[in-house]
Chemist: 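This is the structure I have questions about; it appears just below.
Protein chains get the first letters and strands the later ones, always in sequence-line order, with residue 1 at the start of each.
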Amino acid sequence: MEDKDNLITVNIDGHDLQVPAGTNMVEAAAMLRKEIPHYCYHPKLSIAGNCRMCLVELGMPGRDRATGEPMLNEDGSPKIMWMPGPAIACGTKAAPGMHIKTDSPKALESREAITEFLLINHPLDCPICDQAGECTLQEFSSKHGRGYSRFIEEKNVKPKRTRLGPRVTLDDERCVLCSRCIRFCDEIANDSVLGFTDRGSYSTLTCFPGKELANNYSLNTVDICPVGALTSTDFRFKMRVWFLTEINSIDFETSVGTNTVVSAREGKIYRVTPRRNDEVNDTWMTDSGRELYKIVEAEDRLTACSVAGEETAATEAIVKASETLRGGKTAIVGSGQCSVEEQFALKALAKSLDAVSVDLVARYGEDDGLLMSVDRNPNVRGALMTGLIDTLPEERLEDLGSKIDSGEVRTVLSVKEDLTEAGLSEEQLSKVDIVFLGTHRNATSEKADVVLAGLTQFEKSGTVINQQFRIQKFNRVVPGPRGCIEDLYALSTIAANFSDEKFPSTVGSIWKQLAGENSQFSELSFQSLSDQGQVLDGSAFEHLPFREGKSLHFEPKREAVAAE
Amino acid sequence: MSIVIKRKPLTLMEKLYLPEIARGLSTTFRKLWEKPVTLEYPEQRPTIPEGYRGVPTLVKDPEGREKCVSCQLCEFVCPPKAIRITPGSIPEDSDYAHVEKAPQEFDIDMLRCIYCGMCQEVCPEEAIWLQNQFSMSGYTRGEMVNNKEKLYELGGTLPDEHFKWRKKKESAEKGGGHH
Ligand code: SF4
Ligand code: SF4
Ligand code: SF4
Ligand code: FES
């Protein structure tokens, strides 16, 4: 990976460390598992160097001014010339022979002094602050604070409970003026709306007059704010963070496949936040993707299976679904919202049913060049790689419509897709028997003969393949409603009804089959797949006119992106 | 392992039997005229010593402000997980809007509570106190869960040394350090 020749040696607290030249010293120390406390430094933003929390002692090997010769100690080791004052580690790049001390008395003293200054005007309202429990000011204060206050003057009062935008609430008293949020808006979101007004301890973060922080990335400022100054209006006062169980997941919003962490307590999801993946989304995420957890408890959620409008047990509904599909002349409408495992099971089902056609429904939207791609299905490439489909899906199922009209198709199995929305008319739908497997009520579920209530991405595990052909896994966060059935279980049980072989019905067992049948997946298993995902070889599909444009870590392969 | 306790041999007086009966009855009659040491509970109630840890309750400050800000620290620390809080926010038109946060719901399950006092110890707002009430009874499990209303009813008002939120509001009104 890194060029070996480019490595240089620095010395941190007496330990030699080989790092690439130019490495930030905060990162270099992290490689030795030493934490240099910091507020304003963020690995994905420019260096501001304004919080001064990361002060360390810094020294370089000395050179004789007259001769230019390296100065040596008596034992022959290079003589280190320590700077008289401390330096900020975040603004220091590794240079050959550099020495730093992160825990010398002078470094510790600087940290304590900075902490005391930061706490002078801090309101100390942790009991009502949402950041408590994941606040770096809280952590560093307990480590480097003095535990009592020498400040007898009156504290500054600044605006509290301010609305910065539709999703972000600001408490100025808690702000440590690190400017991370400002830099994020300038550098990543390209929407410069934040800035400081006033000077010194009166400095106050505000929005530019007449503007608000409303872009689709605004909640990232909440994530990177090291204190509780910026808080999410949606999550505000909902739950203390120390009660939350955090599960790694993937954002299903678009084919970017943003890595996420979903936080839940006792079966209820409270928030979705981004998870760092330097190859996909860095540390960012869209605001719209964070709202997706609301589908779990949505009004129109299907919470029970039904046959001809009557609620039934899931097992019964599966039997009935198999019967309906036995009628023959079946078309399958799969979904780019399904996991790779489900698509694989669906393919097996299509084969044993001898399906007339297998379609997916495409969803396209505007892209923003960052983390929203044109393709609003998270897993179209999964359907390609499992062999469920071999061309890109269409937005409207016109082909299927004409097959229904001509009587070629008499039964339709729709997985997650609303057929009305995909362009089939009422009349066409009433000509066919419909089996619907999905999570929410829609026109198709109303018309369907058999409805199998499935699970959302938060209630099951699986994998999806994003626009880079990176296979990534998501994990179950909460259990599904009582009347629901796992989609994969439903599909493979139905598939098993139509073939003599036993078909695996869990994610783990289906991977064995998947790996056996498909050389692309042969080295993989669900367990061994890392949380950063793995890029698969998608060259076989390069000829397809994928519509995605450039986004954060993705360049479209084709020069001319398909004719629109 | 069994322990064998030797029985003391009886003295002559004990062997005679009747003198011992008389000795016992004399104690009975003597006590009959003395002041009783027991209480006729529940008509009579004991005086509760200071620092007694009875049923946990929520208190208001002398201004009538509910002190709890639903920080959920007590919920976290409670060893048998007896406390359940749904946090909420104080509406902006309230006199205490600057406190921002208050519990929407607050339940303590007295079938779980072990009267340990951890909640009182951890509370940063001095809002939860184990007070004098020591007997809890009910016909159903549900009755044994004290909700927010019940907790404030049991808790009443306690004196406040700090009035920190009032001070906070006053300093905001004065411009707080700004000239
Ligand atoms: S609001 Fe937060 S991120 Fe922004 S400058 Fe203040 S402390 Fe930093
Ligand atoms: S007294 Fe102990 S057991 Fe009872 S509510 Fe408080 S912390 Fe929980
Ligand atoms: S009673 Fe005290 S510890 Fe418990 S939530 Fe309220 S303020 Fe927090
Ligand atoms: S982290 Fe280095 S100055 Fe803020």
Chemist: Sequence neighbours left out, what passes ring pair (Phe, Tyr, Trp, His ring centres under 6.0 Å) with A/Tyr39? Give chain and number order.
Modeler: A/Phe140
Chemist: Please determine if B/Glu92 and A/Arg163 form a salt bridge, counting it only when a charged side-chain N lies under 4.0 Å from a carboxylate O.
Modeler: no
Chemist: Can you give me the closest heavy-atom contact between A/Ile128 and B/Val99, atom names plus distance?
Modeler: CD1-O, 3.4 Å
Chemist: Using only non-hydrogen atoms and a strict under-4.5 angstrom cutoff, which residues of residues 219-248 of chain A touch chain B?
Modeler: A/Arg236, A/Phe237, A/Lys238, A/Met239, A/Arg240, A/Trp242, A/Phe243
Chemist: Just wondering, more than 12 heavy atoms not from B/Tyr139 lying within 6.0 Å of its OH?
Modeler: no
Chemist: Should A/Glu154 and B/Lys167 be marked as a salt bridge (Lys or Arg N to Asp or Glu O under 4.0 Å) after you check the CA-CA gap, both sets of side-chain angles, and the distance that decides it?
Modeler: CA-CA 11 Å; A/Glu154 206 169 343; B/Lys167 287 183 194 149; over 6 Å; no
Chemist: In this structure, are over 12 heavy atoms from other groups packed under 6.0 Å from A/Phe117 atom CZ?
Modeler: no
Chemist: Using a 4.5 Å cut-off on heavy atoms from C-beta on, say whether the side chain of B/Glu100 contacts that of A/Lys160.
Modeler: yes
Chemist: So do the side chains of B/Lys168 and A/Pro123 get within less than 4.5 Å of each other, counting heavy atoms only?
Modeler: yes
Chemist: Other residues, nucleotides and ligands only: do more than 12 of their heavy atoms fall within 6.0 Å of CE on B/Met13?
Modeler: no
Chemist: For B/Glu14, does the CD atom sit with more than 12 other heavy atoms under 6.0 Å from it, leaving out its own atoms?
Modeler: yes
Chemist: Do you know which two heavy atoms are closest between A/Pro127 and B/Cys71, and how far apart they sit?
Modeler: O-CB, 3.2 Å
